[in-house]
Amino acid sequence: MNRVSPLAAVTVIGNDRTGIVAAVTRVLFDQGCNLEDATSTILSGHFSMMLIVSLPEGVTSRETEKRLAPVASEFDLVITVRDVHEAAFGVVEATHVISVYGGDRPGIVYRVAEHLSAAGVNITDLSSRVIGSETSRVYALMLEVAAGPEVTRAVLEDDLAELKQELGVDISVNEIESDIL
């Protein structure tokens, strides 16, 4: 697909405050940008947002970043805008949700991601949190993954069984019904 408008990635990071999304998207709207894809979350009290926007003809990433500078200053944010190229493939649909729960320790995300990558399974979305009290911290990791048609729930569960034991965590796998998405 040949896109007429160039794409840019906009990243926004800073302490969470009311009005950040409105302020950032207002500048993009006023400049004539179209939001193609967006995600935002709060990470330990820090706001984070990533956007893929199409820029109107004649508008550059550098110019867009300069126009966002007053918002960055007002909200004490780090905002970057960088050119990106359209992906060679379309949106990859997730086929499974994998949940990992266990005692908080370094390396859980790395080991699970490494294991899935070696199995040819693509992570399409990832979210993690430490939940519980100070005396009983539990690490919760949720992954949406895209696996080939030969990779069933049972195959993933069998494949992750050894890792489950090694990390001392609970791992569950559920198929995503494509008509629900």
Side-chain angles (χ1 to χ4, degrees), residues 1-13 16 21 24-25 33-55 61 80-132 136-181:
M1 175 175 150
N2 290 336
R3 176 178 294 285
V4 175
S5 302
L7 293 176
V10 179
T11 60
V12 182
I13 301 170
D16 186 34
V21 174
V24 169
T25 56
C33 298
N34 186 49
L35 297 182
E36 301 279 334
D37 215 346
T39 187
S40 177
T41 193
I42 308 299
L43 301 168
S44 296
H46 300 277
F47 175 84
S48 64
M49 180 168 65
M50 294 188 326
L51 310 167
I52 299 295
V53 302
S54 58
L55 301 172
S61 291
T80 60
V81 182
R82 300 292 182 262
D83 292 329
V84 293
H85 301 286
E86 188 163 3
F89 54 89
V91 175
V92 178
E93 270 194 51
T95 58
H96 297 82
V97 173
I98 300 173
S99 305
V100 180
Y101 293 96
D104 184 25
R105 65 179 240 190
I108 294 173
V109 173
Y110 160 66
R111 292 291 290 129
V112 172
E114 175 187 54
H115 199 81
L116 292 171
S117 176
V121 176
N122 186 35
I123 297 170
T124 60
D125 195 29
L126 179 151
S127 177
S128 70
R129 296 265 188 284
V130 176
I131 57 177
S136 180
R137 294 167 56 93
V138 175
Y139 192 78
L141 171 64
M142 302 291 288
L143 304 121
E144 288 185 8
V145 302
E150 72 284 356
V151 180
T152 64
R153 175 182 178 179
V155 167
L156 276 172
E157 286 174 334
D158 288 347
D159 193 44
L160 292 167
E162 186 177 316
L163 186 62
K164 179 178 176 176
Q165 290 300 113
E166 177 188 323
L167 295 175
V169 297
D170 289 326
I171 299 178
S172 63
V173 179
N174 291 293
E175 292 180 350
I176 296 174
E177 298 293 327
S178 61
D179 60 330
I180 294 173
L181 299 176

Fill in: Nearest-0.5 Å distance, CZ of residue F47 to CD1 of residue I42
6.0 Å
Item to complete: Nearest 0.5 Å please: distance from the CE atom of M142 over to the CZ atom of R129.
Response: 11.5 Å
Discussion item. Under a 3.5 Å distance rule, please check whether S54 uses its side chain to pair with a backbone N or O of L7 as donor and acceptor.
Written reply: no
Response to the item:
Tightest non-hydrogen contact, residues I131 and A140, listed as CD1-CB, 4.1 Å
Item to complete: Test L143 against every option in V97, I123, T124 by the side-chain contact (heavy atoms from CB on, under 4.5 Å) rule and name the one that passes.
Response: I123
Discussion item. Checking side-chain contact (heavy atoms from CB on, under 4.5 Å) between P6 and each of D83, V84, V53, L55, which is the one that passes?
Written reply: L55
Fill in: Pairwise distance NZ(K164) to CD1(I171) - rounded to 0.5 angstrom
7.0 Å
Discussion item. Go through it in stages, so that I can follow the logic: the residues are I98 and L116, the test is side-chain contact (heavy atoms from CB on, under 4.5 Å), and I'd like the CA-CA distance, side-chain angles, deciding distance and then a yes or no.
Written reply: CA-CA 11 Å; I98 300 173; L116 292 171; 3.9 Å; yes
Worksheet item: Does the T95 side chain pair with the main chain of E175, one donor and one acceptor, at a distance under 3.5 Å?
Response: no
Discussion item. I'd like to know whether E150 forms a side-chain contact (heavy atoms from CB on, under 4.5 Å) with V155, so could you lay out the CA-CA distance, the side-chain angles of the two residues, the decisive distance to 0.1 Å, and finally the verdict.
Written reply: CA-CA 8 Å; E150 72 284 356; V155 167; over 6 Å; no
Practice prompt. Working to the nearest 0.5 Å, report the span between CD1 of I176 and NE2 of H96.
Written response: 8.0 Å
Worksheet item: Any donor and acceptor pair, going by atom type alone, linking the side chain of R153 with main-chain N or O of V173 inside 3.5 Å?
Response: yes
Fill in: Gap separating the OG1 atom of T80 from the CE atom of M50, nearest 0.5 angstrom
10.5 Å
Item to complete: Drop me the distance from Y101's OH to L141's CG, to the nearest 0.5 angstrom.
Response: 9.0 Å
Worksheet item: How far apart are the closest heavy atoms of R105 and L167, and which atoms are they?
Response: NH2-CD2, 3.3 Å
Worksheet entry | Closest contact, heavy atoms only, Y139 versus S128 | OH-OG, 2.9 Å
Discussion item. Evaluate L163 against E166 for side-chain contact (heavy atoms from CB on, under 4.5 Å), listing each step before the verdict.
Written reply: CA-CA 5 Å; L163 186 62; E166 177 188 323; 4.2 Å; yes
Item to complete: Could you check V100 against L160 for side-chain contact (heavy atoms from CB on, under 4.5 Å), going step by step and ending with a plain yes or no?
Response: CA-CA 11 Å; V100 180; L160 292 167; over 6 Å; no
Discussion item. Test your reading of the model: is there a side-chain donor-acceptor pair from S48 to the backbone of T41, 3.5 Å cut-off?
Written reply: yes
